[in-house]
> 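Quick one: the structure is below, and I'll ask about it shortly.
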Amino acid sequence: MPELRWNDTEFLDFFAVEPTVEEFFLSYNYEVKREGLRLLFTVWQFESVIQVSVYRGLSEGALFTFAAYVRGECRFVNDARGRYLEFEDCIVAPSRFWYMKEGDPFNHEQFPASLSIRIGIDPDINIAIVDYLSRT
């Protein structure tokens, strides 16, 4: 799998919290709370995978969770449109290990269609699919 194209300093600026970093920098885990919701955001930089989970308050069960294999770039945007992270050319899956059953998500022939994802946290948590790409 390719390595994620991202800037950890920009993510630190965006989330405004110090991430919990797994040994050998395998993953970065960010947690933010807004209006009774808790966002858990994980980056596996060496696998080019992100995972998003949203919880209500202190609940242990997530309202939803998804993983995304990021085939494009990750960008921190702070302009007139807002302040958000954008992930280009993603294959969205239920988990980080989905590829073990379904195949290589970085194979554009096997998975030609992809999504771009936008994540905002100010003033509230906002997760949106902003683009649908098809390479057929």
Side-chain angles (χ1 to χ4, degrees):
M1 290 188 180
E3 203 168 310
L4 186 66
R5 292 178 290 195
W6 73 309
N7 182 322
D8 61 333
T9 304
E10 289 180 344
F11 276 53
L12 183 62
D13 183 30
F14 175 76
F15 286 110
V17 296
E18 190 78 28
T20 303
V21 181
E22 191 177 344
E23 189 176 19
F24 305 113
F25 303 98
L26 295 178
S27 70
Y28 291 73
N29 302 282
Y30 301 88
E31 181 176 0
V32 293
K33 297 174 184 174
R34 301 283 190 276
E35 299 296 321
L37 295 177
R38 185 169 44 106
L39 171 69
L40 236 48
F41 185 89
T42 303
V43 175
W44 287 279
Q45 65 178 343
F46 301 119
E47 299 172 36
S48 199
V49 175
I50 63 168
Q51 182 168 294
V52 176
S53 297
V54 175
Y55 299 82
R56 183 178 315 282
L58 299 174
S59 174
E60 290 188 28
L63 294 171
F64 68 87
T65 297
F66 68 87
Y69 299 89
V70 184
R71 303 187 305 187
E73 291 187 47
C74 302
R75 282 194 310 275
F76 170 46
V77 179
N78 188 6
D79 62 18
R81 296 172 295 166
R83 190 172 185 275
Y84 54 87
L85 293 174
E86 190 165 76
F87 304 88
E88 292 181 333
D89 192 10
C90 298
I91 299 298
V92 176
S95 75
R96 170 184 172 203
F97 297 109
W98 170 84
Y99 74 93
M100 295 175 95
K101 179 180 176 192
E102 300 299 329
D104 180 8
F106 297 95
N107 179 336
H108 285 23
E109 289 180 14
Q110 184 177 2
F111 296 99
S114 67
L115 306 168
S116 288
I117 300 167
R118 184 177 292 165
I119 298 176
I121 58 171
D122 292 314
D124 294 320
I125 294 170
N126 182 304
I127 300 165
I129 294 170
V130 294
D131 197 15
Y132 175 82
L133 303 171
S134 180
R135 291 173 173 67
T136 55

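These numbers come from the heavy atoms of this one structure, side chains and all, not from hydrogens, waters or symmetry mates.
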> For Gln51 and Thr42: C-alpha separation, side-chain torsions, deciding distance, then whether side chain to side chain donor-acceptor pair (under 3.5 Å) applies.
CA-CA 5 Å; Gln51 182 168 294; Thr42 303; 5.4 Å; no
> First locate atom CG of Asn7, then atom CZ of Phe14, and finally report the distance between them rounded to the nearest 0.5 Å.
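Result: 14.0 Å between the selected atoms.
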> For residues 108-130, which residue pairs qualify under salt bridge (Lys or Arg N to Asp or Glu O under 4.0 Å), counting only residues two or more places apart or in two chains?
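Found Arg34-Asp122, Arg83-Asp122, Glu86-Arg118.
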> So, using side chain to side chain donor-acceptor pair (under 3.5 Å) as the criterion, who are the partners of Glu10 when residues are at least two apart?
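Scan of Glu10 (side chain to side chain donor-acceptor pair (under 3.5 Å), adjacent residues dropped) gives none.
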> I need the minimum non-hydrogen distance between Val17 and Tyr30, along with the two atoms involved.
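Closest approach of Val17 to Tyr30, heavy atoms only: O-CD2, 4.1 Å.
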> Enumerate the salt bridge (Lys or Arg N to Asp or Glu O under 4.0 Å) contacts for residues 46-63, please, sequence neighbours excluded, ordered by first and then second residue.
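Matches after skipping sequence neighbours: Glu47-Arg96.
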> Specify the closest pair of heavy atoms between Cys90 and Ala68, including all atoms of both residues, with the distance to one decimal.
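Of all heavy-atom pairs spanning Cys90 and Ala68, the closest is CB-CB, 4.2 Å.
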> According to side chain to side chain donor-acceptor pair (under 3.5 Å), who are the partners of Tyr99, at least two apart in sequence or on a separate chain?
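For Tyr99, no residue satisfies side chain to side chain donor-acceptor pair (under 3.5 Å) once neighbours in sequence are set aside.
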> What closest approach, in Å, do Ala113 and Ile91 show between heavy atoms, and which atom pair accounts for it?
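Taking every non-hydrogen atom into account, O-CD1, 3.1 Å.
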> With sequence neighbours left out, which residue pairs that include part of residues 45-64 fulfil the ring-ring contact (aromatic ring centres under 6.0 Å, His included) condition?
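Sorted result for residues 45-64: empty, none.
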> Which distance, rounded to the nearest 0.5 Å, do you find between the OH of Tyr84 and the CD1 of Ile121?
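With rounding to 0.5 Å, OH (Tyr84) is 14.5 Å from CD1 (Ile121).
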> Determine whether a donor-acceptor pair (N or O, by modelled atom type, separation under 3.5 Å) exists between the side chain of Arg71 and the backbone of Ser48.
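No; judged by distance alone, with no hydrogens or angles, the pair does not exist.
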> Just to verify, what does Trp6 make a side chain to side chain donor-acceptor pair (under 3.5 Å) with, not counting sequence neighbours?
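Side chain to side chain donor-acceptor pair (under 3.5 Å) check on Trp6 returns Gln45.
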> How long is the gap from CG on Leu12 to CZ on Phe76, to the nearest 0.5 Å?
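With rounding to 0.5 Å, CG (Leu12) is 10.5 Å from CZ (Phe76).
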> What pairs with Phe87 under ring-ring contact (aromatic ring centres under 6.0 Å, His included), at least two apart in sequence or on another chain?
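Applying ring-ring contact (aromatic ring centres under 6.0 Å, His included) to Phe87 gives Phe41.
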> State, with a plain yes or no, whether a side-chain heavy atom of Glu88 is found less than 4.5 Å away from one of Arg75.
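Yes; the side chains approach each other to less than 4.5 Å.
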> If every non-hydrogen atom of Tyr69 is compared with every non-hydrogen atom of Ala93, which pair is closest and at what distance?
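Result for this residue pair: CE1-CB, 3.8 Å.
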> Run the side-chain contact (heavy atoms from CB on, under 4.5 Å) test on Leu39 and Val52 for me, step by step, so that the C-alpha distance in whole Å, both residues' side-chain angles and the decisive distance to 0.1 Å come before the verdict.
CA-CA 7 Å; Leu39 171 69; Val52 176; 3.7 Å; yes
> Is Leu40 reachable from Val43 through a run of hydrophobic residues whose side-chain heavy atoms are each under 4.5 Å from the next?
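Different hydrophobic clusters.
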> Which residue pairs satisfy the salt bridge (Lys or Arg N to Asp or Glu O under 4.0 Å) criterion with at least one member in residues 35-46, sequence neighbours excluded?
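Passing the test, one end in residues 35-46: Glu31-Arg38.
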> Below 4.5 Å, heavy atoms only, C-beta onward: do Phe11 and Pro19 meet side chain to side chain?
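Of all side-chain heavy-atom pairs linking Pro19 with Phe11, none is under 4.5 Å.
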> Provide the closest heavy-atom pair for Trp98 versus Pro105 in the form atom of the first, atom of the second, distance.
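In terms of heavy atoms, the two residues are closest at CZ3-CB, 4.1 Å.
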> Working to the nearest 0.5 Å, report the span between CD1 of Ile119 and CD1 of Ile125.
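With rounding to 0.5 Å, CD1 (Ile119) is 10.0 Å from CD1 (Ile125).
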> Not counting sequence neighbours, which residues clear side chain to side chain donor-acceptor pair (under 3.5 Å) with Thr20? List them please.
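Side chain to side chain donor-acceptor pair (under 3.5 Å) list for Thr20, sorted by chain: empty.
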> Under 4.5 Å between side-chain heavy atoms, hopping through other hydrophobics if needed: is there a path connecting Leu63 to Ile50?
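In one cluster: yes.
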> Tracing side-chain links under 4.5 Å among I, L, V, M, F, W and Y, which residues wind up in one group with Leu58?
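Same cluster as Leu58: nobody, lone residue.
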> If you compare all heavy atoms of Phe66 against all heavy atoms of Ile117, which two are closest, and at what distance to 0.1 Å?
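Closest approach of Phe66 to Ile117: CE1-CD1, 3.9 Å.
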> May I ask you to test the Ile129-Val92 pair for a side-chain heavy-atom distance under 4.5 Å?
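Heavy-atom side-chain distance check fails, nothing below 4.5 Å.
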